[in-house]
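Below: the structure, in C-alpha cells.
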Amino acid sequence: QAKEDGKNQYKIYTASMEQMAMKTFTLRNDLRKALQNEEFSIHYQPRIDVNSNDIIGAEALLRWKHPEFGFISPTEFIPLAEETGLIIPISNWVLEEVCNHHRQWIQSGMNKIKVSVNFSALQFLQKDLLQTIINIFTRTKMDPNLIEIEITESVVMEHKDTVLATIEKMKAMGIQIAIDDFGTGYSSISYLKKFKIDTLKIDRSFIKAIPSDVDSVELTNATIQLAQSLGLAIVGEGVETLEQLITLKDSGCQEVQGFLFSKPVPEKDFKIMLNNKVCLPQT
Ligand code: C2E
Ligand code: MG
Ligand code: MG
Ligand code: MG
C-alpha cells in the first residue's frame, strides 16, 4: 500500500514538474514578443511619509499580461528575462515609460514627486548604461534629481567595482540610489558609506514579522539607527497592518510602502491618488 502511494505521488510530482517546465519554456519564448505586442505595463505603488500621510513618491513595478496565462508575476518572468538577455530592452522600455509618466505628473502640478525604478544586475554590466540613461532622460525631459534607482544588496556585493564606478557617475548626474530588500544580503556599513547610498528599503520579510518576532524588531530598529547615523532615508516595505505602521513610526522610520496604504496600481489610478495628495491607511 505504502509503496503504491509512493508511486502515485511520484507520478503526480513528475507531471506537475513537466507542466511547470513547459510553462517556463513557453514564457521564456513568449517573452521575446511581449514588448512588440505591448503586453507590458507599469504599476505604481505610492511611497508615504508616515507623519503626514503625504504621497512623496512611487515605485514603478513592471507587469506582464500574457495572452494565455494572464498576469505573470515579475518574480517569475524577470529571471527569465535575465537568462535570455531580454532584460536589457525591457528595462530600457520601463525607464522610458516611467520617465514619460513622470513628466505628465509634473505637468499636472506634482512638483517634488519622486519615482523609483528597479534595476537588474545585468544592466550594470552594460558598457553603454549611462549613455542609454542620458538619452532616455533627454528624450523625456526627466529631471535626474527626481528618480531613484533601486538595486539589491547582492547586485552591489557581487559586482563591486563595476557597480561602484557606475553608481558614482549616476550620483554625479543627481540620480538617487536605494538598496532594495535590505537585510537579506550582506552589504557592509563601509560599503553603504563608500557608495553614498541615499535610501535603505527594509525587506518585507522583516516588516511582516513585527512586532511579534523579537529578532525582526531588533533588526528593523538597528537598520533604522544605522540609516539615521549615515543620514540615509529609510523605507519600510510591505506594511500591511496598522500595528506594523505604528511600530515603524515609533522606531523613527519616516517612509513606508505597503498594502495598508495601497497595492501597486495602474498609472491612471495612481494619477487619481496623486491628485488627492494624501493616502490614508485602509483599515
Ligand atoms: P521589489 O522591488 O522588492 O518590490 C516590492 C514588491 O513587494 C512588489 O512585488 C510589491 O507589489 C510587493 N508589495 C508591496 N507592498 C506589499 C505588501 O504590503 N504586502 C505584500 N505581500 N507585498 C507587497 P511585485 O510587483 O510582484 O515585484 C516583485 C519583484 O520583481 C520586485 O521586488 C523587483 O525585484 C522585481 N521587479 C518588479 N518590477 C521590476 C522592473 O521593472 N525591473 C526589474 N529589474 N525588477 C522588477
Ligand atoms: Mg524595489
Ligand atoms: Mg523590495
Ligand atoms: Mg524584491
Side-chain angles (χ1 to χ4, degrees), residues 31 34-35 39-48 57-65 70-99 101-102 114-126 129 133 136 147-156 176-185 187 197-210 220 223 233-245 248 255-267 269-270 279 281-283:
L31 210 47
L35 258 186
E39 290 163 9
F40 290 118
S41 65
I42 313 282
H43 281 201
Y44 292 92
Q45 185 179 40
R47 183 154 139 188
I48 312 289
E59 178 173 3
L61 294 154
L62 183 57
R63 295 292 177 257
W64 179 21
K65 195 173 181 190
F71 280 106
I72 311 290
S73 167
T75 55
E76 204 173 329
F77 72 80
I78 296 279
L80 299 178
E82 287 176 334
E83 262 172 44
T84 52
L86 286 164
I87 191 71
I88 300 302
I90 293 172
S91 300
N92 291 342
W93 178 84
V94 168
L95 188 61
E96 184 135 6
E97 186 80 350
V98 167
C99 291
H101 285 154
H102 188 270
K114 187 161 90 178
V115 72
S116 306
V117 185
N118 293 285
F119 265 46
S120 152
L122 274 181
Q123 289 176 268
F124 280 89
L125 301 180
Q126 301 296 302
L129 174 63
I133 292 175
I136 291 174
I147 196 160
E148 186 166 80
I149 288 175
E150 296 190 2
I151 51 182
T152 58
E153 286 179 294
S154 58
V155 172
V156 180
Q176 292 167 52
I177 307 289
I179 300 292
D180 204 354
D181 305 346
F182 188 79
T184 59
S187 47
I197 298 300
D198 298 278
T199 305
L200 293 186
K201 301 188 79 172
I202 308 175
D203 192 63
R204 191 169 86 221
S205 58
F206 302 107
I207 307 294
K208 201 176 170 169
I210 60 172
T220 302
T223 307
I234 186 112
V235 183
E237 275 198 298
V239 176
E240 292 186 357
T241 70
L242 212 48
E243 216 177 9
Q244 290 164 351
L245 176 67
L248 284 168
E255 301 173 19
V256 293
Q257 278 177 236
F259 293 176
L260 179 64
F261 288 93
S262 172
K263 290 192 172 183
V265 295
E267 197 266 341
D269 297 331
F270 180 66
C279 193
Q282 291 156 6
T283 48

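All ligand and atom numbering here is 1-based and tracks the order in the structure.
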Problem - From E59, R204, R63, E82 - option closest to atom 6 (C) of ligand 1 by heavy atom - result: R204
Handout entry: Options V155, V239, N118, D181, ranked by nearest heavy atom to atom 39 (C) of ligand 1, top entry
Key = N118
For ligand 1, which atoms have a heavy atom of [X] less than 4.0 angstrom away?
X    : answer
E237 : 3 (O), 5 (C)
G258 : 15 (N), 18 (O)
G238 : 15 (N), 16 (C), 17 (C), 18 (O)
S120 : 44 (N)
T75  : 28 (C)

[X] (side chain) donor-acceptor with [Y] (main chain) under 3.5 angstrom:
X    : Y    : answer
Q282 : F261 : yes
E240 : G258 : no
D198 : I177 : yes
Q244 : I207 : yes

Practice task
Measure across R63 and P74 and return the closest heavy-atom pair with its distance rounded to 0.1 Å.
Solution key: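 The pair with the smallest heavy-atom distance is NH1-CG, 3.6 Å.
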Exercise for the section: Heavy atoms only: give me the nearest E153-G183 pair and the separation to one decimal. Expected result: OE1-N, 3.3 Å
Exercise for the section: Kindly confirm whether the Mg ion (ligand 2) is within less than 2.8 Å of some N/O/S atom in N118? Expected result: yes
Problem - OD1 (D180) to the Mg ion (ligand 3) to OE2 (E237) angle, given to the nearest 10 degrees - result: 90°
Handout entry: N, O or S atom within E150 nearest to the Mg ion (ligand 2), by name
Key =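 E150's closest N, O or S atom to the Mg ion (ligand 2) is named OE1.
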Exercise for the section: Kindly give the atom name of the N, O or S atom of E59 closest to the Mg ion (ligand 2). Expected result: OE2
Handout entry: E148/R47 salt bridge by N-O under 4.0 Å criterion
Key = yes
Practice task
May I ask you to identify, for Q45, whether its side chain, its backbone, both or neither come under 4.0 Å of ligand 1 on a heavy-atom basis?
Solution key: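 For Q45, only side-chain atoms sit under 4.0 Å from ligand 1.
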Problem - For ligand 1, the portion of K201 having any non-hydrogen atom under 4.0 Å away - result: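 It is neither; nothing of K201 touches ligand 1.
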Practice task
Return yes when P264 approaches ligand 1 closer than 4.0 angstrom through a heavy atom, no otherwise.
Solution key: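 It does; at least one heavy atom falls under 4.0 Å.
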Problem - E243, CD: over 12 other non-hydrogen atoms inside 6.0 angstrom - result: no
Exercise for the section: Kindly check if the number of other-residue, nucleotide or ligand heavy atoms within 6.0 Å of NZ (K114) is above 12? Expected result: yes
Considering distance alone, does some N or O of [X] sit under 3.5 Å from an N or O of ligand 1?
X    : value
D180 : yes
E240 : yes
A60  : no
F259 : yes

Practice task
Can you label the angle between the F40 ring and the W93 ring as parallel, tilted or perpendicular, going by 30° and 60°?
Solution key: tilted
Practice task
Write the atom name of the N, O or S atom in D181 that is nearest the Mg ion (ligand 3).
Solution key: OD1
Practice task
Kindly write out the residues that satisfy side chain to side chain donor-acceptor pair (under 3.5 Å) with S205, not counting sequence neighbours, or none if the list is empty.
Solution key: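 D203.
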Handout entry: Ring centroid separation Y44 to H101 under 6.0 Å
Key = yes
